[in-house]
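Worksheet: one structure, shown below.
Every number for a ligand or one of its atoms is a count from 1 in the order of the listing.
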Amino acid sequence: MWRRVASVSHLFSHSKSTKFNQGGSTFKIWETITSESEIPTPSKGSPFITFVLGGPGSGKGTQCAKIVEAFGFTHISAGDLLRREIASGSAYGSVILSTIREGKIVPSQVTVQLIQKEMESSDNYKFLIDGFPRSEENRKAFEQTIGTEPDVVLFFDCPEQEMVKRVLNRNQGRVDDNIDTIKKRLEIFDELNWPVINYYSQRGKLHKINAVGTVDEIFEKVRPIFAPLSK
Ligand SMILES: Nc1ncnc2c1ncn2[C@@H]1O[C@H](COP(=O)(O)OP(=O)(O)OP(=O)(O)O)[C@@H](O)[C@H]1O
Ligand SMILES: Nc1ccn([C@@H]2O[C@H](COP(=O)(O)O)[C@@H](O)[C@H]2O)c(=O)n1
Ligand SMILES: [Mg+2]
């Protein structure tokens, strides 16, 4: 359904829609053919924001580490911020912990505030915001609070079976890395993430990446998206 072409034309941009069924609802997703020149030119005066989307275990955090190394972004993982909040003994800690255990979404106000604090305390202007937005509510809260939209949205597309396998092998002691929570996270992903993906696809910002293969193979699909930044 999706195709990304490193086009020779700097002005080439074209999209067409395809209907598909997800979680019982029919969505119209846009096939977008984009050229590398479509990512906006970053300027130090304003933040350059990339949202990183994908199901649990699709490899978002792994690819973010590679992008940071190659292109000098600051990596902000919404999940890591929430886990840090639990570890800090904050007033929200116990609610966040039970929400993560259940594979549900923490209220947007909490997550957006944590992201905002992280962005404001950084000297960098290039941000990778990983695992966010997880829902339309997340997306709208970010826009309202931060007052801007992302410049680029990456979506790591991975089959469920592969995501489950990766999460169960992760071995980092996460409370949500067990089969029951993974099932719930996948259900929540299906229900709440597709509208966000569809939204950014219609705005021509979405880069869908097939997340099957080795870490390096996948990164070679990511690299051209940001190549204009290294010029
Ligand atoms: N291409 C890959 N092939 C095999 N294993 C991978 C690949 N990419 C990542 N992994 C492994 O899969 C596990 C999940 O990866 P990662 O933590 O990056 O996913 P994630 O999308 O951030 O997941 P979550 O949403 O749960 O935080 C990790 O143990 C990681 O080392
Ligand atoms: N925008 C978000 C991001 C995460 N959560 C909660 O944290 C869990 C772990 O997130 P990862 O990105 O590290 O997988 C996730 O399952 C949610 O419970 C959230 O609420 N909102
Ligand atoms: Mg992660």
Side-chain angles (χ1 to χ4, degrees), residues 49-69 75-87 92-116 118-119 127-143 145-146 150 153-193 195-197 209-223:
I49 297 169
T50 297
F51 283 163
V52 184
L53 309 180
S58 58
K60 302 179 294 295
T62 304
Q63 292 299 322
C64 281
K66 308 271 294 175
I67 299 167
V68 165
E69 198 186 328
H75 178 203
I76 299 177
S77 155
D80 285 350
L81 292 180
L82 293 168
R83 284 183 284 272
R84 198 167 80 189
E85 198 62 9
I86 297 168
Y92 296 125
S94 61
V95 178
I96 297 173
L97 177 59
S98 55
T99 308
I100 289 181
R101 268 213 181 102
E102 289 167 30
K104 293 186 177 159
I105 307 297
V106 172
S108 300
Q109 202 194 351
V110 173
T111 314
V112 171
Q113 261 182 33
L114 293 173
I115 293 171
Q116 185 180 30
E118 211 61 17
M119 289 175 74
F127 297 101
L128 282 176
I129 305 187
D130 163 5
F132 185 96
R134 287 285 231 276
S135 63
E136 280 287 275
E137 197 219 356
N138 265 188
R139 179 184 70 70
K140 288 176 189 162
F142 183 92
E143 278 173 24
T145 308
I146 312 289
V153 179
L154 304 182
F155 167 42
F156 290 99
D157 186 30
C158 195
E160 272 194 21
Q161 221 185 348
E162 177 67 18
M163 292 195 277
V164 171
K165 192 174 87 186
R166 288 182 190 175
V167 169
L168 291 179
N169 287 332
R170 180 155 48 190
N171 221 4
Q172 287 175 1
R174 278 178 51 163
V175 295
D176 51 353
D177 281 357
N178 59 78
I179 192 65
D180 290 340
T181 310
I182 294 164
K183 280 184 190 159
K184 289 180 194 151
R185 294 178 71 199
L186 287 168
E187 277 168 25
I188 298 278
F189 176 77
D190 267 354
E191 186 187 332
L192 301 181
N193 228 255
V196 177
I197 289 164
I209 296 135
N210 180 350
V212 178
T214 67
V215 170
D216 287 344
E217 280 166 356
I218 296 161
F219 184 61
E220 288 315 312
K221 296 177 208 163
V222 172
R223 192 195 292 280

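Among G59, G55, G213, the residue whose heavy atom lies nearest to atom 1 (N) of ligand 1 is G213. For atom 17 (C) of ligand 2, the choice among K104, R101, K184, E137 with the nearest heavy atom turns out to be K104. Here the shortest heavy-atom distance to atom 10 (N) of ligand 1, taken over R166, R185, E217, belongs to R166. Residue nearest to atom 17 (O) of ligand 1, selected from R170, K165, E162: R170 (by heavy-atom distance).
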Practice task
Would you sort out whether L186 and D190 count as a side-chain contact (heavy atoms from CB on, under 4.5 Å), showing the intermediate values?
Solution key: CA-CA 6 Å; L186 287 168; D190 267 354; 5.9 Å; no

Problem - E136 and R139: CA distance, side-chain angles, deciding distance, salt bridge (charged side-chain N to carboxylate O under 4.0 Å, His left out) verdict - result: CA-CA 5 Å; E136 280 287 275; R139 179 184 70 70; 2.8 Å; yes

Exercise for the section: Let me see the working for K221 and E217 under salt bridge (charged side-chain N to carboxylate O under 4.0 Å, His left out), right down to the final yes or no. Expected result: CA-CA 7 Å; K221 296 177 208 163; E217 280 166 356; over 6 Å; no

Exercise for the section: I would like to know whether R166 and E162 meet salt bridge (charged side-chain N to carboxylate O under 4.0 Å, His left out); could you show each step before the answer? Expected result: CA-CA 6 Å; R166 288 182 190 175; E162 177 67 18; 2.8 Å; yes

Exercise for the section: Test salt bridge (charged side-chain N to carboxylate O under 4.0 Å, His left out) on R223 and E220 and set out the steps. Expected result: CA-CA 5 Å; R223 192 195 292 280; E220 288 315 312; 3.0 Å; yes

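For atom 8 (N) of ligand 1, the nearest non-hydrogen atom of the protein is V215 CG2, 3.7 Å. For atom 16 (O) of ligand 2, the nearest non-hydrogen atom of the protein is R185 NE, 3.2 Å. The nearest protein atom to atom 25 (O) of ligand 1, hydrogens excluded, is given as K60 NZ, 2.6 Å; this is a heavy-atom distance. Atom 20 (O) of ligand 2 has as its closest protein heavy atom V106 N, 2.7 Å. Shortest contact from atom 15 (C) of ligand 2 to any protein heavy atom: R134 NH2, 3.4 Å.
Among the atoms of T62, some N or O lies under 3.5 angstrom from an N or O of ligand 1. Where the criterion is an N or O separation shorter than 3.5 Å, residue side chain and backbone included, R134 fails it with respect to ligand 1. Backbone and side-chain nitrogen or oxygen atoms of G61 are examined, and one is located within less than 3.5 angstrom of a nitrogen or oxygen of ligand 1. Considering backbone and side-chain atoms together, G131 places an N or O closer than 3.5 Å to an N or O of ligand 2. Taking any N or O of R83, backbone or side chain, none lies under 3.5 Å from an N or O belonging to ligand 1. Backbone and side-chain nitrogen or oxygen atoms of G57 are examined, and one is located within less than 3.5 angstrom of a nitrogen or oxygen of ligand 1.
Close approach of ligand 2 to R83 is summarised as follows: ligand atoms under 4.0 Å from at least one heavy atom of the residue are 9 (C), 13 (O). Taking every non-hydrogen atom of A78 and a distance limit under 4.0 Å, the qualifying atoms of ligand 2 come out as 1 (N), 3 (C). Counting the atoms of ligand 2 from 1 in the order shown, those under 4.0 Å from a heavy atom of F132 are 1 (N). Near P56, the atoms of ligand 1 lying under 4.0 angstrom from a non-hydrogen atom of the residue are 25 (O), 26 (O). Shown in contact with I100 at under 4.0 Å from a heavy atom are these atoms of ligand 2, numbered in order with element: 6 (C), 7 (O), 8 (C), 18 (O). Every atom of ligand 1 is numbered from 1 in the order shown, and the set under 4.0 Å from a heavy atom of I218 is 1 (N). Listed by atom number, the atoms of ligand 2 under 4.0 Å from I105 heavy atoms are 20 (O), 21 (N).
Using bins of under 30°, 30° to 60° and over 60° for the plane-to-plane angle, the ring pair F51/F132 lands in the perpendicular bin.
Side chain of K60 to main chain of F156: no donor-acceptor pair is present (N/O by atom type, distance under 3.5 Å, no hydrogens or angles). With hydrogens and angles ignored, the 3.5 Å screen pairs a side-chain donor or acceptor of Q63 with a backbone N or O of V215. Here the side chain of S98 pairs a donor or acceptor atom with the backbone of V95 at under 3.5 angstrom. A distance-only check finds a donor-acceptor pair linking the side chain of T181 to the backbone of R101 [under 3.5 Å]. In terms of modelled atom types and a separation under 3.5 Å, the side chain of N193 and the main chain of R134 share a donor-acceptor contact.
The two residues F142 and V112 have their closest heavy-atom pair at N-CG2, 3.8 Å. K184 and E102 get closest at one heavy-atom pair: CD-O, 3.4 Å. P133 and N138 make their closest contact through CB-CB, 3.5 Å (heavy atoms, listed as atom of the first residue, atom of the second, distance).
Ligand 2 is approached by R174 to a heavy-atom distance shorter than 4.0 Å. Using a 4.0 angstrom heavy-atom cutoff, S58 counts as in contact with ligand 1. In this structure, T214 counts as a contact residue of ligand 1, since one of its heavy atoms falls inside 4.0 Å of the ligand. Residue contacts with ligand 1: R174 is included, with a non-hydrogen atom under 4.0 Å away. By the 4.0 Å heavy-atom criterion, K60 is excluded from the residues contacting ligand 2.
Under 4.0 Å from ligand 2, the heavy atoms of N138 that appear belong solely to its side chain. With a heavy-atom cut-off of 4.0 Å, L82 touches ligand 2 through its side chain alone. Contact annotation: for I188 versus ligand 2, there are no heavy atoms closer than 4.0 Å.
Using a 4.5 Å heavy-atom threshold, the side chains of I67 and V52 count as separate. Counting only heavy atoms from C-beta outward, the side chains of L192 and V196 never approach each other to under 4.5 Å. For the pair Q113 and E85, the minimum side-chain heavy-atom distance is 4.5 Å or more.
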